[in-house]
Amino acid sequence: MLENIEEIVNRIKQETNDLSDIIYRKKTIQKKTIYIIYNEPLTSSDKISDFIVRSLNHIEQEKIPSSAMLEHIENDISNFKVKRVSDYDQICFYLHRGFTILLIEGAKAALVLETKANIARGINQPETESTVRGAKDAFVEDYQINLGLIKKRIKTNDLWIQGFNIGKYTATQIGVLSIHGIVKEELVNQVAEQLQKIDIYGIIDSGMIKNLIEKETKSIFPTIITTERPDIVSKALLEGKVAIVVDNSPYVLIVPGVLNDYFKTMEDVYGKGMNITFTRIIKFLAFIIALFTPAVYIALITYNQEMIPTDLLADFATQRDGVPFPAFFEGIIMIISFEILRESDLRVPSFSGSALSIVGALILGDAAVSAGIVSPIMIIVIAITAISSLPFTEYELENALRWYRLLFMLGASFLGIVGVLAVTIFFIVRLSHLESFGKPYLMPFVPTIFDSLKNSVVKFPLKSLNKRQPYLSDNRIKQRRKKG
């Protein structure tokens, strides 16, 4: 019960250590004490002055029965969002979310009015997932704006949102989005169940949710898609996937995420099938090159020289003459050097990062060859490997490539080509056993779904892609051809 408003005010002051940012304004209307309480950094003073204070001044001039004060203020106050709360915890919940609290003496409930300040940045272009064609808007750190960017594209009552507040101190707002009638209900229930199990001090970004609901110790490959593009989220929802929107994060999570999803972009939707097929083949080749190239070179130069043509082998031997390290150690030195340059490029300011990394790579490579630490062919091998990693924007996928690349190099250094084949078998078996929310990670290849193969490596014409994937939705028909 909230009749004793002085006790409530004193309790808030005590629990917040009398925080100066929380403003308490006391008014008297027809001998009734009213407190206006708001958190100054989160609220708009203009909204409070123009709508709340001005409305209360107008109500003050009217004759209102004391017992009807709460109802009269609720009906007459000039604020669109008004809600009654009758619990102290609810008052604190709304106070720290930019709402203004009205405590009325003798009333059994308090009024909360939305007066949030606009402290979100404007909508910008995507930074990590740029495209030549397509939408140019990206998510921001505001939950409602992010929902609006999705609802602007999907205009239906079937877009369902299930809300959660997670984090003991942050109570971060999280929304689970799905399209009723397309998504499988067990997938939505599985995601909701995973979120309900989370018991943590606070959620700062969607990446924390990703790690908490993803079995991160089972595999280093990402099983949840992270994106900053509303069009990608909208397309995923229309396919039968589930999106997780986290307040204060410009990245939205999409589940399930299988390996084939990371070889696709939104431009694939707009391009012709033959052109997109060629691009995807290039990406799959880049994936293979990024994994195998250093290991195959080490295996050939260390154990399997008979597989190299004689002239080329003689050329390799000439280049490696004077290099004191074995090929494996030589490769490790260069890979670590390039990874340090790459990480530095990500962390330093954008106006100087690319220039520094390019100059650093040129100087480092030339100096290493001149000093006889590495051979020129190793510089070429590592450069090709680094370039082949660039088509993939998902950071977790790049990290997975790093670890498996090293594992392939270890296999090659011990057993040559046989070691590479052994690690390849281990790699395929691991991916075959991996799942994303119960869905096989190598879909639609393992198990094979022939309808879904139309949009895997080879892209068929858009008119023929008229069915959703069976592992995502029971409502498989996406488009119907009109007769005539």
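Here the structure is a predicted model, which means the values were calculated and not measured.
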Check your understanding: Is there a donor-acceptor pair closer than 3.5 Å between any side-chain N or O of Thr448 and the backbone N or O of Phe445?
Key -> yes
Exercise for review: Determine, for Arg84 against Glu71, whether the closest basic-nitrogen to carboxylate-oxygen distance falls under 4.0 angstrom.
Suggested key: yes
Check your understanding: Between Glu7 and Arg11, is the closest basic N to carboxylate O distance under 4.0 Å?
Key -> no
Practice item. Evaluate side chain to side chain contact (heavy atoms under 4.5 Å, CB included) for Phe426 paired with Arg430, printing each intermediate quantity in order. Key: CA-CA 6 Å; Phe426 170 77; Arg430 287 286 296 171; 3.6 Å; yes
Check your understanding: Sequence neighbours excluded, which residues qualify as side chain to side chain contact (heavy atoms under 4.5 Å, CB included) partners of Ser388?
Key -> Ala286, Ile289, Ala290, Ile384
Exercise for review: Taking all heavy atoms of Asp205 and all of Val246, pick out the closest pair and write down the distance.
Suggested key: C-CG1, 4.3 Å
Exercise for review: Using a 4.5 Å cut-off on heavy atoms from C-beta on, say whether the side chain of Phe221 contacts that of Glu396.
Suggested key: no
Check your understanding: Between Leu285, Val458, Asn455, Asn275, which is the residue that forms a side-chain contact (heavy atoms from CB on, under 4.5 Å) with Arg280?
Key -> Asn455
Point to revise | Sidechain-backbone polar pair: Asp142 side chain, Ile145 backbone, donor-acceptor under 3.5 Å | key: yes
Point to revise | Min side-chain heavy-atom separation Val191-Gln194 under 4.5 Å | key: no
Study note, to complete from the structure: Value for CG (Leu397) from OG1 (Thr226), rounded to nearest 0.5 Å, stands at 11.5 Å
**Study point:** Shortest non-hydrogen contact from Val183 toward Gly240
**Key:** CG2-O, 3.3 Å
Study note, to complete from the structure: In this structure, CD1 of Ile34 is separated from CG of Leu56 (nearest 0.5 Å) by 5.5 Å
Point to revise | Asp247/Arg97 ion pair, N-O < 4.0 Å | key: no
Point to revise | Over 12 foreign heavy atoms within 6.0 Å of NE2, His72 | key: yes
Review point. Donor-acceptor pair, Ser130 side chain versus Pro126 backbone, under 3.5 Å?
Key: no
Check your understanding: Counting only N and O atoms by type, is there a donor-acceptor contact under 3.5 Å from the side chain of Tyr441 to the main-chain atoms of Pro222?
Key -> yes
Check your understanding: Can Ile209 and Ile198 be said to form a side chain to side chain contact (heavy atoms under 4.5 Å, CB included), step by step?
Key -> CA-CA 9 Å; Ile209 291 292; Ile198 296 176; 3.9 Å; yes
**Study point:** Set of residues satisfying side chain to side chain contact (heavy atoms under 4.5 Å, CB included) with respect to Pro444, sequence neighbours excluded
**Key:** Asn260, Ile449, Ser452, Leu453, Ser456
Check your understanding: So, Lys459 side chain and Phe278 main chain: donor-acceptor pair closer than 3.5 Å or not?
Key -> no
Check your understanding: Is the number of heavy atoms from other residues, nucleotides or ligands within 6.0 Å of CD (Glu185) greater than 12?
Key -> yes
Practice item. Please answer whether the main-chain N or O of Tyr251 pairs with a side-chain N or O of Ser206 as donor and acceptor at a distance below 3.5 Å. Key: yes
Point to revise | Where Leu472 and Lys184 come nearest, the two heavy atoms and their spacing | key: O-CG, 3.5 Å
Study note, to complete from the structure: Distance col, row Ile91:CD1 vs Leu111:CG, nearest 0.5 angstrom, shows 10.0 Å
Study note, to complete from the structure: When every non-hydrogen atom of Glu339 is compared with those of Arg405, the smallest separation belongs to OE2-NH1, 3.8 Å
Point to revise | Residue of the set Arg153, Lys152, Lys151 for which side-chain contact (heavy atoms from CB on, under 4.5 Å) holds with Pro230 | key: Arg153
**Study point:** Separation between CG of Leu177 and CD1 of Ile154, rounded to the nearest 0.5 Å
**Key:** 8.0 Å
**Study point:** Asp199 CG: over 12 foreign heavy atoms closer than 6.0 Å
**Key:** no
Practice item. Report yes if some heavy atom in the side chain of Ile8 is under 4.5 Å from a heavy atom in the side chain of Tyr88; otherwise report no. Key: yes
Exercise for review: Answer yes or no: is there a donor N or O on one side and an acceptor on the other, between the side chain of Thr385 and the main chain of Leu291, under 3.5 Å?
Suggested key: no
Practice item. With the side chain counted from C-beta on, respond yes when Thr115 and Phe51 share a heavy-atom pair under 4.5 Å apart, and no when they do not. Key: no
Practice item. For Asn124, enumerate each residue passing the side chain to side chain contact (heavy atoms under 4.5 Å, CB included) test, keeping only those at least two apart in sequence or located in another chain. Key: Arg121
Review point. Picking from Lys241, Met443, Gln190, what satisfies side-chain contact (heavy atoms from CB on, under 4.5 Å) with Pro256?
Key: Lys241
Check your understanding: How many angstroms lie between atom CD1 of Ile36 and atom OG1 of Thr100, to the nearest 0.5 angstrom?
Key -> 8.0 Å
Point to revise | Quiz item: cation-pi between Lys83 and Tyr94, 6.0 Å / 45° | key: no
Review point. Can you name the closest pair of heavy atoms from Ile23 and Glu40 and give their distance?
Key: CD1-OE1, 3.8 Å
Review point. Are side-chain heavy atoms of Thr131 and Lys136 found at a separation under 4.5 Å?
Key: yes
**Study point:** Interatomic distance, Asn189 atom CG to Gln196 atom CD [nearest 0.5 angstrom]
**Key:** 9.5 Å
**Study point:** Working for side chain to side chain contact (heavy atoms under 4.5 Å, CB included), residues Gln90 and Val112
**Key:** CA-CA 9 Å; Gln90 286 184 303; Val112 295; over 6 Å; no
Point to revise | Flag for Thr265-Asp268: side-chain donor and acceptor within less than 3.5 Å | key: yes
Review point. Is a side-chain donor or acceptor of Glu394 paired with a backbone partner of Ile225 at a separation under 3.5 angstrom?
Key: no
Exercise for review: Go through the steps for Ile428 and Val446 under the test side chain to side chain contact (heavy atoms under 4.5 Å, CB included), then give the verdict.
Suggested key: CA-CA 11 Å; Ile428 294 174; Val446 181; over 6 Å; no
Review point. For the residue pair Thr227 and Val233, what are the closest heavy atoms and their distance?
Key: CG2-CG2, 3.6 Å
Review point. Does some side-chain heavy atom of Asn57 sit less than 4.5 Å from a side-chain heavy atom of Lys27?
Key: yes
Check your understanding: If we only count heavy atoms from C-beta on, is the Glu6 to Tyr35 side-chain gap below 4.5 Å?
Key -> yes
Practice item. Taking ring pair (Phe, Tyr, Trp, His ring centres under 6.0 Å) as the test, write out the residues that go with Phe263, two or more places apart. Key: Phe284, Phe287, Phe392
Point to revise | Donor-acceptor contact below 3.5 Å, side chain Thr172 vs main chain Ile203 | key: yes
Check residues 156-169 and write down every donor-acceptor pair under 3.5 Å in which the side-chain atom is one partner and the other belongs to a residue at least two apart or another chain.
| residue | atom | partner | partner atom | Å |
| --- | --- | --- | --- | --- |
| Thr156 | OG1 | Asp158 | N | 3.0 |
| Trp160 | NE1 | Asn157 | O | 3.3 |

Review point. Got more than 12 heavy atoms from elsewhere within 6.0 Å of CD, Gln14?
Key: no
Check your understanding: Does Glu214 use its side chain to pair, donor to acceptor, with the backbone of Thr223 at less than 3.5 Å?
Key -> yes
Review point. Given side chains that start at C-beta, do those of Asn39 and Asp21 come closer than 4.5 Å, heavy atoms only?
Key: yes
Check your understanding: Which residue pairs pass the salt bridge (charged side-chain N to carboxylate O under 4.0 Å, His left out) test when at least one of the two sits in residues 437-450, sequence neighbours left out?
Key -> none
